[in-house]
Amino acid sequence: MKSSETSERLVHVPLGDRAYDILIGPGLIGRAGGEISTRIKGRKAAIVTDENVANHYLEALIDSLEADGIDATSLILPAGEKTKSFEHLTRVCDALLEARIERNDTVIALGGGVIGDLAGFAAGIVRRGVRFVQMPTSLLSQVDSSVGGKTGINTRHGKNLIGVFNQPDLVLADTDVLQTLSDREFRAGYAEVAKYGLIDKPDFFVWLERNWRDVFAGGAARIEAIATSCQAKAEVVVADERETGRRALLNLGHTFGHALEAATEYDSSRLVHGEGVAIGMVLAHQFSARLNLASPDDAERVETHLKTVGLPTRLSDIPGELPPPEVLMRAIAQDKKVTGGKLTFILTRGVGQSFVANDVPCSEVVTFLEEKHPQ
Ligand code: GLY
């Protein structure tokens, strides 16, 4: 990681001929044209974005691209998870072909995880692959989904079941855009930041415990936290790009989290992804303590920190009624492969000591959920 004269950070993802840079800092939308034109030959770009983001940033991005001689078209899609569909994939592919985007031209995903996943998928399949730049506009997408090359859409069979690994050519994470996020959205993204400390960076978790107020306030600490998160993710992705092992660690808290999202029918008024991950990470630490793998003090420490920043940490923090433990278990089993009554789970030996366990008995999970269930 290197720092420039400004507070900007650069994280390099060394993936051989698919290596790329992640730039993190203020004002990157205004400098996007320059950053892209020094790295990508084509003089055409197609911006894929959503209605909310377009209102704030599309014009500034087009101006920046055109100032550097890049001819830009744009496609504005509805905001929200439903946009990650075959229908919208078709729309994006048609728009790219209509705009005559060639292999050396660029698709720019300007938005959160939904836009990044959808536009990245389209960029990977149109003309068997065109250039692709991620410009993530939520904290969650800046620290997670824009890095690592997972792209795709949802189907009635589940989330992210159709897609390709398609690493971007560049990630431009403009930290100024985070100022328009609601407190709730920022906190939800922060759960994924804390996740990197809990996976294998205990010193980072200590740093967050001490500096979280500055991270929430913005400025240098926020940029530092995002850069450390991107660096942590890059290390995991470089070690296991296609998730045959270690990359699964990035799912810490997600097994319980996804089940809770499904149990609340993806109703964002009750629970958003990062909140599910926060509760899921606390449960993963408590479950590890229950299995005598970790000290209950670690689970308490994790809960205290996430609660202090204002995240939900318990099942009872979710508004409305939750389905019973067996139904939650069914949602977990749907998300994960179950073999002989056992499933793969990210467990921990303590803060910063997560590991992939392949043989967790479903019966233990149900008993644990019965203890934690509010009804
Ligand atoms: N968000 C998990 C991964 O990129 O593998």
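Just so we're clear, the structure is a prediction, and the values are computed from it rather than from any experiment. Every number for a ligand or one of its atoms is a count from 1 in the order of the listing.
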Self-check item: Where at least one partner belongs to residues 176-199, residue pairs that pass ring-ring contact (aromatic ring centres under 6.0 Å, His included), sequence neighbours excluded
Solution: F186-F216, Y190-F216, Y190-H305
Quiz item: According to the salt bridge (charged side-chain N to carboxylate O under 4.0 Å, His left out) rule, which pairs have a member within residues 107-120, sequence neighbours left out?
Solution: K84-D117
Self-check item: Short N-O contact, E265 and R270, less than 4.0 angstrom
Solution: no
Practice problem: Dump the intermediate steps for side chain to side chain donor-acceptor pair (under 3.5 Å) on E241 and Q167, then the final yes or no. | Solution: CA-CA 10 Å; E241 188 181 358; Q167 298 293 343; 3.0 Å; yes
Practice problem: Please report the C-alpha distance between Y266 and E81 in whole Å, then the side-chain angles of each, then the deciding distance to 0.1 Å, and finally whether the side-chain contact (heavy atoms from CB on, under 4.5 Å) criterion is met. | Solution: CA-CA 9 Å; Y266 302 95; E81 191 70 32; 5.9 Å; no
Self-check item: Pairs involving residues 41-61, ordered by first then second residue, that meet side chain to side chain donor-acceptor pair (under 3.5 Å) (sequence neighbours left out)
Solution: Y57-T180
Show the distances, to 0.1 Å, for all pairs joining an N/O atom of ligand 1 and a protein N/O atom that are shorter than 3.5 Å, listing one pair per line.
residue, atom, partner, partner atom, Å
ligand 1, 1 (N), D144, OD1, 3.0
ligand 1, 1 (N), D144, OD2, 3.3
ligand 1, 4 (O), K233, NZ, 2.6
ligand 1, 4 (O), R247, NH2, 2.8
ligand 1, 5 (O), K150, NZ, 2.9
ligand 1, 5 (O), R247, NE, 2.7
ligand 1, 5 (O), R247, NH2, 3.3

